[in-house]
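For reference, the structure discussed in these notes is given below.
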Amino acid sequence: MNRILLASAFLLTTIAPVLADELPSALPASAAVSPAPRAPVAKLVEPHLHIARSNLAGHARIALTFDACMGQADERILSTLVRERIPVTIFVTARWLKHNPAAVAVFLQNPDLFELENHGENHIPAVDTPTLIYGIASAGSPQAVRQEVEGGAAAMVAAGIPAPHWFRGSTAKYDLSAIGEIRAMGYRIAGYSVNGDGGSLLGAAITEKRIASAKDGDVVISHVNQPTHAAGEGVAKALVDLKAKGVQFVRLEDVEDMGDDRTTE
């Protein structure tokens, strides 16, 4: 047995140098593996939007805008808007329209209050290169951006809503080329200046404080599709707060506006 082990050890010490000579210690530079090229990172913008100020002390002019992405209608907000007769602009997706016919009926019964605009077909970010935004995959191509915009508009018209003139994409972020494409389709792109509810993820108190702090010329963004979130309670209270201050509420279609990143030029 010992003889076998000694023979094996001798054989290994003899062959190992030969194998070492056969295998290069390192790949030549020409054969080195290069890292895979990275896909270009899209440069994203989150445009601001302001409206013409009233310049009247005690009567600030504010545009309240709401996104109806997916989910159900928040009756806390909608009932307050109707009861207090507060005009607003609501951006609806095709997906939301399909599941909320009762809320759509309220919108259509109150055309003096509700301006309805396009939030897209499937709530996909209007970015024409592949990327993730808050974990949501972008449209990823010019054709997909067009489909998101056109699909949303088609669903609105099918629901008896007038053809939209404004578009706001999911996440409110875009790349500049997509902005150009959407503008070429005839849409103004709705940014904002006050984030009221942090995507409907903030608590009631901080939401109320944020929206109630809006000043003359501000465009506020909040959400009307999360009835189980605390933020909706804060939104409803802020609406009453602002009305008590003598705020002049306007819809986007009723006032001049100024958007950056060529979103409204």
Side-chain angles (χ1 to χ4, degrees), residues 45-68 73-92 106-107 110-119 164-168 172-173 187-226 229-265:
V45 296
E46 190 168 357
H48 293 94
L49 179 67
H50 289 85
I51 57 171
R53 298 175 180 176
S54 72
N55 291 319
L56 298 174
H59 296 282
R61 180 183 293 154
I62 294 171
L64 298 171
T65 70
F66 291 91
D67 288 357
D74 191 332
E75 291 298 333
R76 297 170 297 180
I77 298 172
L78 291 183
S79 62
T80 302
L81 292 171
V82 174
R83 183 182 68 250
E84 300 293 335
R85 308 308 295 172
I86 296 175
V88 298
T89 303
I90 298 185
F91 290 84
V92 296
V106 172
F107 295 157
N110 294 275
D112 58 323
L113 298 182
F114 297 107
E115 172 192 0
L116 301 179
E117 297 293 351
N118 189 356
H119 197 33
H165 302 287
W166 285 86
F167 176 80
R168 175 183 284 156
K173 292 181 182 288
Y187 287 89
R188 303 172 81 77
I189 297 175
Y192 62 90
S193 59
V194 175
N195 186 337
D197 63 1
S200 192
L201 298 177
L202 297 177
I206 186 62
T207 296
E208 179 183 4
K209 183 177 180 180
R210 280 194 180 195
I211 297 176
S213 70
K215 297 178 174 57
D216 197 13
D218 273 333
V219 175
V220 180
I221 182 175
S222 297
H223 292 75
V224 71
N225 65 299
Q226 296 290 355
H229 289 193
E233 178 185 346
V235 171
K237 289 181 178 179
L239 299 177
V240 178
D241 294 344
L242 289 172
K243 185 176 180 180
K245 289 181 179 179
V247 164
Q248 177 189 354
F249 299 103
V250 295
R251 304 174 300 181
L252 293 182
E253 66 180 352
D254 297 329
V255 67
E256 294 183 357
D257 54 77
M258 298 143 286
D260 55 15
D261 297 306
R262 298 187 175 181
T263 50
T264 62
E265 289 181 2

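Taking the six-membered ring where tryptophan is involved, the planes of F91 and H119 are perpendicular, since the angle between them exceeds 60° and thus also 30°.
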Original post:
Going through the checks in order, is the side-chain contact (heavy atoms from CB on, under 4.5 Å) test met by R210 and L202?
Top reply: CA-CA 10 Å; R210 280 194 180 195; L202 297 177; 3.5 Å; yes

Original post:
Please walk me through it: do V240 and K237 pass side-chain contact (heavy atoms from CB on, under 4.5 Å)?
Top reply: CA-CA 5 Å; V240 178; K237 289 181 178 179; 5.9 Å; no

Subject >> Audit row: T65, I90, side-chain contact (heavy atoms from CB on, under 4.5 Å) steps and yes/no >> reply: CA-CA 6 Å; T65 70; I90 298 185; over 6 Å; no

**OP:** Would you sort out whether Q248 and I62 count as a side-chain contact (heavy atoms from CB on, under 4.5 Å), showing the intermediate values?
**Re:** CA-CA 6 Å; Q248 177 189 354; I62 294 171; over 6 Å; no

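Counting all heavy atoms, side chain and backbone alike, L113 lies closest to V82 at CD1-CA, 4.0 Å. Considering every non-hydrogen atom in both P87 and D112, the closest pair reads CB-O, 4.1 Å. Here the closest non-hydrogen pair linking N225 and A68 is CB-CA, 4.1 Å. Residues A238 and A212 share a closest heavy-atom pair of CB-N, 4.2 Å. Smallest separation of non-hydrogen atoms from T80 and A236: OG1-CB, 3.7 Å. Of all heavy-atom pairs spanning P47 and A172, the tightest one is CD-O, 3.6 Å.
With a 4.5 Å cut-off on side-chain heavy atoms, I211 and L242 count as touching. Here the side chains of M258 and T264 are not in contact, with every heavy-atom distance at 4.5 Å or above. Contact annotation: the side chain of V88 approaches that of L81 to within less than 4.5 Å [non-hydrogen atoms, C-beta and beyond]. No side-chain heavy atom of T263 sits less than 4.5 Å from a side-chain heavy atom of L49. For the pair K243/F249, a side-chain contact is recorded, criterion being any heavy-atom separation below 4.5 Å from C-beta on. Residues I51 and V250 have side chains in contact (heavy-atom distance under 4.5 Å, counting atoms from C-beta outward). At least one side-chain heavy atom of L64 sits under 4.5 Å from a side-chain heavy atom of I86. Using a 4.5 Å heavy-atom cutoff, the side chains of T89 and E253 are not in contact.
Tested against D257 for a salt bridge (charged side-chain N to carboxylate O under 4.0 Å, His left out), the candidates R53, R188, R251 yield a single pass: R188. Checking V220, I221, V219 one by one against S193, the side-chain contact (heavy atoms from CB on, under 4.5 Å) holds for a single residue, V219. If you run side-chain contact (heavy atoms from CB on, under 4.5 Å) between H223 and each of D74, D197, I77, only D197 comes through.
The 12-atom threshold is not exceeded at NZ of K209, counting heavy atoms of other residues, nucleotides or ligands nearer than 6.0 Å. Taking a 6.0 Å sphere around CZ of R76, one finds it holds more than 12 heavy atoms contributed by other residues, nucleotides or ligands. Within 6.0 Å of CZ on R262 lie no more than 12 heavy atoms contributed by other residues, nucleotides or ligands.
A salt bridge links R168 to D67: one of the charged nitrogens lies within less than 4.0 Å of a carboxylate oxygen. R61 and D218 are not joined by a salt bridge, as no carboxylate oxygen comes within less than 4.0 angstrom of a charged side-chain nitrogen.
The backbone N or O of N55 sits less than 3.5 Å from a side-chain atom of D216, completing a donor-acceptor pair. At least one donor-acceptor pair closer than 3.5 Å links the side chain of E115 to the backbone N or O of L252. Of the possible polar contacts, none joining the K245 side chain to the A60 backbone as a donor-acceptor pair under 3.5 Å is found.
Remark: F114 CZ to F107 CZ distance equals 5.5 Å, nearest 0.5 Å.
A donor atom on one side chain and an acceptor atom on the other are found under 3.5 Å apart for Y192 and E46. Under 3.5 Å, the side chains of H229 and S200 contain a donor-acceptor pair of N or O atoms.
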